[in-house]
K.L.:
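Can you read through this structure? Questions will come right after.
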Amino acid sequence: MTTRSGPTAPPTKHQLALMIWLAVFPTLTVLNLALSDWLHTLSPVVRTFVLATIAVPIVIYGLMPQLHRARGRLLTHLGSTS
């Protein structure tokens with residue numbers, strides 16, 4: 001049995017797109033639900049600005065590192081079972 005000791009390869013474009021979607025969609029959904037009473041009074045451009053200003057740091061600093069780690073664990077696990 002061979003195990004990988006080095007870092008995993010960077011995600012493909014398709015993997016990265018899926019990871020981004022998995023981070024962005026739930027984040028925007030939760031923010032829309034949590035802030036809906038306040039957001040409905042804003043114009044669409046300001047509402048989008050507010051959501052993006054809150055969502056981008058959550059996704060980049062909070063969720064994407066976790067998804068990269070989960071992907072690495074999954075690839076390591078799948079590599080060790082084959």
Side-chain angles (χ1 to χ4, degrees):
M1 173 168 70
T2 305
T3 58
R4 290 178 125 194
S5 60
T8 58
T12 65
K13 289 180 188 178
H14 301 298
Q15 291 170 344
L16 190 56
L18 177 62
M19 292 166 63
I20 291 169
W21 186 88
L22 286 171
V24 169
F25 178 75
T27 302
L28 290 177
T29 301
V30 168
L31 289 173
N32 269 310
L33 292 172
L35 302 174
S36 62
D37 290 340
W38 184 67
L39 290 174
H40 83 277
T41 63
L42 303 175
S43 72
V45 172
V46 175
R47 183 172 42 234
T48 302
F49 175 78
V50 169
L51 287 173
T53 300
I54 297 169
V56 168
I58 291 170
V59 168
I60 296 300
Y61 298 113
L63 299 177
M64 287 305 290
Q66 292 179 18
L67 288 171
H68 278 284
R69 283 192 291 276
R71 177 185 166 274
R73 286 192 303 269
L74 178 64
L75 291 177
T76 300
H77 175 72
L78 291 176
S80 67
T81 59
S82 52

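Just so it is clear, the structure is predicted and the values come from calculations on it, not from any experiment.
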K.L.:
With a 4.5 Å cut-off on side-chain heavy-atom distances among I, L, V, M, F, W and Y, is there a chain of contacts connecting L31 to V45?
P.N.:
no
K.L.:
Applying the 4.5 Å side-chain criterion to the ILVMFWY set and letting contacts propagate, would W21 and I54 be lumped into a single cluster?
P.N.:
yes
K.L.:
Atom CG of L28 and atom CG of L51: how far apart are they, to the nearest 0.5 Å?
P.N.:
6.5 Å
K.L.:
Examine V30 and V56 and state if one hydrophobic cluster contains both, with Ile, Leu, Val, Met, Phe, Trp and Tyr joined whenever side-chain heavy atoms are less than 4.5 Å apart.
P.N.:
no
K.L.:
Group every Ile, Leu, Val, Met, Phe, Trp and Tyr by side-chain heavy-atom contacts under 4.5 Å, then state whether I58 and F25 land in the same group.
P.N.:
yes
K.L.:
Is there a side-chain contact between V50 and W38 in this structure, where contact means two heavy atoms from C-beta onward sitting under 4.5 Å apart?
P.N.:
yes
K.L.:
Less than 4.5 Å apart, side chain to side chain, heavy atoms only: is that true for R47 and S43?
P.N.:
no
K.L.:
Just verifying a value: how many Å separate L67 CG and L74 CG, rounded to the nearest 0.5 Å?
P.N.:
11.5 Å
K.L.:
Is there a side-chain contact between R71 and L16, using heavy atoms and a 4.5 Å cut-off?
P.N.:
no
K.L.:
Hey, any chance L78 and M19 share a hydrophobic cluster, counting ILVMFWY side chains that come within less than 4.5 Å of each other, even indirectly?
P.N.:
no
K.L.:
Between V24 and L63, is any pair of side-chain heavy atoms under 4.5 Å apart?
P.N.:
no
K.L.:
Search all heavy atoms of A52 against all heavy atoms of P57 and return the closest pair with its distance.
P.N.:
O-CD, 4.2 Å
K.L.:
Would you sort out whether I20 and M64 count as a side chain to side chain contact (heavy atoms under 4.5 Å, CB included), showing the intermediate values?
P.N.:
CA-CA 7 Å; I20 291 169; M64 287 305 290; 4.0 Å; yes
K.L.:
Using a 4.5 Å cut-off on heavy atoms from C-beta on, say whether the side chain of H68 contacts that of P11.
P.N.:
yes
